[in-house]
Colleague: 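One structure coming up, written as structure tokens, with questions to follow.
This structure is a prediction, so every number in the text was calculated from the model and none was measured. These values consider heavy atoms only, across backbone and side chains, with no hydrogens, waters or symmetry-generated copies. In listed order, ligands and their atoms are each counted from 1.
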Amino acid sequence: MELLDWDAFLTPYKQAVEELKVKFKGTREQYQKTSLHTPIEFVTGRVKPVSSILNKAARKQIPLEQLADKMQDLAGVRIVTQFVEDIDKVIELMRARSDFEIISERDYIQKKKPSGYRSYHLILRYPVQMIEGEKKVLVELQIRTLSMNFWATIEHSLRYKYSGEIPEDINMRLQRAAEAAFWLDEEMSIIRDEVQEAQRIITAKQQQSR
Ligand SMILES: Nc1nc2c(ncn2[C@@H]2O[C@H](COP(=O)(O)OP(=O)(O)OP(=O)(O)O)[C@@H](O)[C@H]2O)c(=O)[nH]1
Ligand SMILES: Nc1ncnc2c1ncn2[C@@H]1O[C@H](COP(=O)(O)OP(=O)(O)OP(=O)(O)O)[C@@H](O)[C@H]1O
């Protein structure tokens with residue numbers, strides 16, 4: 001595929017990522033207007049870079065003609081939460097929506113990956129309105145806490161730096177960091193009610209001074 005074709009091929013994925021980011025940020029804003037704790041801390045998204053698509057296609061032996069069906073993370077959106085309990089709430093919110101179909105779920109929180117990676121993944125089939133008509137694209141939605149996100153971001157950078165072959169001593173540190181990230185989530189869950197009450201007071205004060 002040439003550069004121009006990539007641009008055309010990825011257009012609906014870009015559209016899907018932009019639309020879903022707006023929608024999920026909108027959900028966060030709705031929560032902020034209530035006295036309820038918002039389960040969404042922030043939302044990010046990206047279209048997979050072409051170099052990364054080519055690497056993954058070669059690694060997984062996916063023919064380029066089958067990318068749309070076989071590579072589920074061409075469009076990726078991530079919802080980051082404060083607490084592990086918020087992840088369940090976000091999953092509930094996603095299951096109640098009618099603007100996409102959830103086609104699969106993977107729980108890497110109950111069952112973390114050997115690397116230490118924790119996150120909850122949903123694969124969505126999302127309809128994008130193109131000038132040629134509706135096109136349904138797959139979107140990978142990752143839901144994770146701030147602590148899980150911190151670990152995954154650091155691990156991703158190291159994996160990139162060492163082209164997947166992370167030296168043993170650093171790997172050991174990463175495993176320990178994964179355990180620390182898990183305990184951070186546990187500790188924060190225990191004081192969740194206190195934290196949420198403090199945040200409610202701060203939000204109410206900010207709204208009064210507007
Ligand atoms: N940082 C980090 N991210 C991970 C790890 N495992 C999975 N992910 C993220 O989760 C996505 C989906 O992973 P999987 O559910 O394992 O999907 P997969 O197609 O079986 O495997 P990948 O080749 O990793 O995409 C990846 O593209 C990454 O963004 C990990 O060990 N570390
Ligand atoms: N679902 C997602 N939502 C938001 N950002 C994502 C998502 N998946 C990956 N990213 C981010 O996009 C950037 C580039 O991701 P890339 O697709 O190359 O990584 P990857 O998903 O780990 O790779 P691979 O699946 O090919 O091993 C990274 O910063 C990664 O954290």
Colleague: Specify side chain, backbone, both or neither for K56, according to which of its non-hydrogen atoms lie closer than 4.0 Å to ligand 2.
Modeller: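 K56 to ligand 2: side-chain contact only, backbone stays beyond 4.0 Å.
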Colleague: Got L20 and F100 here, is their nearest side-chain heavy-atom distance under 4.5 Å?
Modeller: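 Yes; the side chains approach each other to less than 4.5 Å.
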Colleague: Tell me: protein heavy atom nearest atom 12 (C) of ligand 1, and distance?
Modeller: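 I find the closest protein heavy atom is E140 OE2, 3.1 Å.
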Colleague: Which residue in the set L141, V80, I40, L122 passes side-chain contact (heavy atoms from CB on, under 4.5 Å) when paired with V90?
Modeller: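 Passing option: I40.
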Colleague: So which protein heavy atom does atom 31 (O) of ligand 1 come closest to, and at what separation?
Modeller: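 Among all protein heavy atoms, the one nearest atom 31 (O) of ligand 1 is S115 OG, 2.6 Å.
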Colleague: Which of the numbered atoms in ligand 2 are below 4.0 angstrom from a heavy atom of D73?
Modeller: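 Those atoms are 21 (O), 25 (O).
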Colleague: Does ligand 1 have an atom that lies less than 4.0 angstrom from a heavy atom of Q72?
Modeller: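 So Q72 does not count as touching ligand 1.
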Colleague: Could you state whether V128 and V139 fall into the same hydrophobic cluster, counting links through intermediate Ile, Leu, Val, Met, Phe, Trp or Tyr residues with side-chain heavy atoms under 4.5 angstrom apart?
Modeller: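 Both belong to a single hydrophobic cluster.
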Colleague: Got a salt bridge between K113 and E155, using NZ or NE/NH1/NH2 to carboxylate O under 4.0 Å?
Modeller: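 Not counted as a salt bridge, because no side-chain N and carboxylate O are separated by less than 4.0 Å.
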Colleague: Would you mind checking which non-hydrogen protein atom is closest to atom 28 (C) of ligand 1, with the distance to 0.1 Å?
Modeller: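 Among all protein heavy atoms, the one nearest atom 28 (C) of ligand 1 is Q142 NE2, 4.0 Å.
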Colleague: In the protein, what heavy atom is nearest to atom 18 (O) of ligand 2, and what distance, to one decimal place, separates them?
Modeller: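 I find the closest protein heavy atom is S52 OG, 2.7 Å.
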Colleague: Taking atom 1 (N) of ligand 1 as the point of reference, which of E155, K113, H121 owns the nearest heavy atom?
Modeller: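 Selected option, by shortest heavy-atom distance: E155.
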Colleague: Any ion pair linking R176 and E179 (charged N to carboxylate O, less than 4.0 Å)?
Modeller: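 Salt bridge flag = no for R176 with E179.
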Colleague: Are E41 and Q82 close enough that a side-chain donor and a side-chain acceptor fall under 3.5 Å?
Modeller: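 Per modelled atom types, E41 and Q82 side chains form a pair under 3.5 Å.
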Colleague: For atom 27 (O) of ligand 1, what is the nearest protein heavy atom, given as residue, atom name and distance?
Modeller: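 The answer is D73 OD2, 3.4 Å.
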Colleague: Give the single entry among R59, M71, R106, R46 that approaches atom 20 (O) of ligand 1 most closely by any heavy atom.
Modeller: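 Shortest heavy-atom distance from atom 20 (O) of ligand 1: R106.
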Colleague: If you have a sec, work out which protein heavy atom is nearest atom 15 (O) of ligand 2 and how many Å separate them, to one decimal?
Modeller: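 Its nearest protein heavy-atom neighbour is R46 NE, 3.5 Å.
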Colleague: Angle class for the Y117/H121 ring planes (parallel below 30°, perpendicular above 60°, tilted otherwise)?
Modeller: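 Y117 vs H121 ring planes: perpendicular.
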Colleague: Can you tell me the protein heavy atom closest to atom 9 (C) of ligand 1 and the distance?
Modeller: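 The closest one turns out to be Y117 OH, 3.5 Å.
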Colleague: To the nearest 0.5 Å, what is the distance between CG (L64) and CD1 (I62)?
Modeller: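 Answer rounded to 0.5 Å: 9.5 Å.
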Colleague: Which of the numbered atoms in ligand 1 are below 4.0 angstrom from a heavy atom of A152?
Modeller: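 This gives 1 (N) as the contact atoms.
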Colleague: Number the atoms of ligand 2 from 1 as they appear, then name those within less than 4.0 Å of a heavy atom of H156, with their elements.
Modeller: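 Taking each heavy atom of H156 in turn, ligand 2 has 19 (O), 20 (P), 22 (O), 28 (C) under 4.0 Å.
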Colleague: Tell me the closest heavy-atom pair linking Y31 and H37, and the distance in Å.
Modeller: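 Closest approach of Y31 to H37, heavy atoms only: CD2-O, 3.5 Å.
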Colleague: Can you tell me if NZ on K21 sees more than 12 non-hydrogen neighbours from other groups inside 6.0 Å?
Modeller: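 Enclosed: over 12 neighbouring heavy atoms sit under 6.0 Å from NZ of K21.
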Colleague: Among all protein heavy atoms, pick out the one at the shortest distance from atom 22 (P) of ligand 1; state its residue, atom name and that distance to 0.1 Å.
Modeller: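 Of every protein heavy atom, K56 NZ, 3.9 Å lies nearest to atom 22 (P) of ligand 1.
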Colleague: T81 and side-chain contact (heavy atoms from CB on, under 4.5 Å): which single residue from D185, D86, N149 fits?
Modeller: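 Exactly one pass, corresponding to D86.
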Colleague: To check you understand the geometry: which heavy-atom pair defines the closest contact between A181 and S147, and what is its length?
Modeller: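 Looks like O-OG, 2.9 Å.
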Colleague: Between E92 and K89, is the closest basic N to carboxylate O distance under 4.0 Å?
Modeller: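 Looking at K89 and E92, the cut-off is met.
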Colleague: With only distance considered, is R78 within less than 3.5 Å of ligand 1 through an N or O on each side?
Modeller: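 N/O-N/O distance below 3.5 Å does not exist for this pair.
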Colleague: V77 to ligand 2: N or O pair under 3.5 Å?
Modeller: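 Yes; at least one N/O pair falls below 3.5 Å.
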Colleague: Report whether F83 and F182 are members of the same hydrophobic cluster (ILVMFWY, side-chain heavy atoms less than 4.5 Å apart, transitive linking).
Modeller: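 In one cluster: no.
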Colleague: To which protein heavy atom is atom 18 (P) of ligand 1 closest, and what is the distance rounded to 0.1 Å?
Modeller: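 The closest heavy atom on the protein side is K60 NZ, 3.3 Å.
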Colleague: Among K48, M71, E155, R144, whose heavy atom sits nearest atom 17 (O) of ligand 2?
Modeller: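 Ranked by closest heavy atom to atom 17 (O) of ligand 2, first place is K48.
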Colleague: Checking a contact table here: which protein heavy atom is nearest atom 1 (N) of ligand 2, and how many Å away?
Modeller: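 Going atom by atom, the protein heavy atom closest to atom 1 (N) of ligand 2 ends up being E140 OE1, 3.1 Å.
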Colleague: Any atoms of ligand 1 less than 4.0 Å from a non-hydrogen atom of Y108? List them with their elements.
Modeller: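 Near Y108, the atoms of ligand 1 are 14 (P), 15 (O), 16 (O).
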Colleague: Can you report which non-hydrogen protein atom sits closest to atom 10 (N) of ligand 2, along with the distance?
Modeller: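 Answer, as residue, atom name and distance: R78 NH2, 3.2 Å.
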Colleague: Non-hydrogen atoms of R59 versus ligand 2: any pair closer than 4.0 Å?
Modeller: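 Yes.
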